[in-house]
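Step one of this worksheet: look at the structure below.
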Amino acid sequence: MDLVRVVWIDTNGVDDSWMSREDVLDVTPIEMETIGYLVENDDVFVTVSGTVSNCRELFGNVNCIPRCCVRSIQPLKIDTDYLQPQDDC
């Protein structure tokens, strides 16, 4: 399972009661970064998990990001050989 950095665009909202047109036009989407294990990567979405069990069957801190929002996916270079599933899984 690859460790990756996903750069993506997220919505941004303001919860003020009343805003001027100028202030409204200042609201723009936010560029986000998610780092984790790449669980799924297809034409529709990218799924990344921050925590994975050693058997690769339990996942936590999961983000499912629409593909249209993804700017880039970069593999991270670290030694993950020790994260291979155990024989008793």
Side-chain angles (χ1 to χ4, degrees):
M1 193 170 292
D2 294 331
L3 191 60
V4 295
R5 173 181 174 253
V6 180
V7 178
W8 56 287
I9 302 299
D10 198 4
T11 59
N12 182 15
V14 178
D15 212 10
D16 288 346
S17 298
W18 297 101
M19 296 175 63
S20 69
R21 178 176 175 75
E22 182 179 306
D23 289 341
V24 169
L25 295 176
D26 286 339
V27 179
T28 59
I30 301 172
E31 185 171 275
M32 305 299 287
E33 287 184 19
T34 298
I35 294 175
Y37 296 96
L38 186 61
V39 178
E40 184 71 38
N41 183 7
D42 63 26
D43 293 339
V44 180
F45 57 85
V46 174
T47 303
V48 178
S49 177
T51 305
V52 180
S53 70
N54 64 348
C55 293
R56 301 294 189 261
E57 294 184 16
L58 299 174
F59 300 87
N61 189 23
V62 175
N63 286 282
C64 184
I65 306 165
R67 169 53 79 178
C68 61
C69 296
V70 174
R71 287 204 165 163
S72 67
I73 300 174
Q74 301 168 317
L76 298 178
K77 306 287 185 193
I78 65 167
D79 180 15
T80 58
D81 288 341
Y82 70 96
L83 298 172
Q84 297 305 315
Q86 305 298 312
D87 291 335
D88 59 348
C89 290

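Note: hydrogens, waters and symmetry copies are ignored here, and every other heavy atom, side chains too, is used. What you are looking at is a predicted structure, and each value in this text was computed from that prediction instead of being measured. Throughout, numbering of the chain's residues begins at 1 and tracks the sequence.
Applying the salt bridge (Lys or Arg N to Asp or Glu O under 4.0 Å) test to residues at least two apart or on different chains, the pairs with a partner in residues 59-71 are Glu31-Arg71.
Counting Ile, Leu, Val, Met, Phe, Trp and Tyr side chains that sit under 4.5 Å apart, directly or through other members, Leu58 stands alone, with no cluster partners.
Both Ile35 and Val52 are part of a single hydrophobic cluster, where members link through side-chain heavy atoms under 4.5 Å apart. When hydrophobic clusters are built by joining Ile, Leu, Val, Met, Phe, Trp and Tyr residues whose side-chain heavy atoms come closer than 4.5 Å, directly or via intermediates, Ile65 is not grouped with Met1. Hydrophobic clustering (side-chain heavy atoms under 4.5 Å, transitive across Ile, Leu, Val, Met, Phe, Trp, Tyr) groups Val70 together with Ile30. Hydrophobic clustering (side-chain heavy atoms under 4.5 Å, transitive across Ile, Leu, Val, Met, Phe, Trp, Tyr) keeps Phe45 apart from Val39.
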Pairs under 3.5 angstrom only: tabulate donor-acceptor contacts from the side chains of residues 2-16 to other protein residues two or more places apart or in another chain.
residue, atom, partner, partner atom, Å
Arg5, NE, Glu33, OE1, 3.2
Arg5, NH1, Gln74, OE1, 2.4
Arg5, NH2, Glu33, OE2, 2.7
Trp8, NE1, Thr34, OG1, 2.9
Asn12, ND2, Thr28, O, 3.0

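When all heavy atoms are compared, the tightest approach of Gly60 to Ser49 is O-OG, 2.9 Å.
Considering only heavy atoms from C-beta on, Val27 comes within 4.5 Å of Met19 through its side chain. Asn41 is listed as a side-chain neighbour of Ile73, based on a closest heavy-atom distance under 4.5 Å.
One finds the OH atom of Tyr37 at 10.0 Å from the CG atom of Leu76 (value rounded to the nearest 0.5 Å).
Scored by the salt bridge (charged side-chain N to carboxylate O under 4.0 Å, His left out) test, Glu40 finds no partners at all (sequence neighbours excluded).
Proximity of a side-chain donor or acceptor of Thr51 to a complementary backbone N or O of Phe59 within less than 3.5 Å is not detected.
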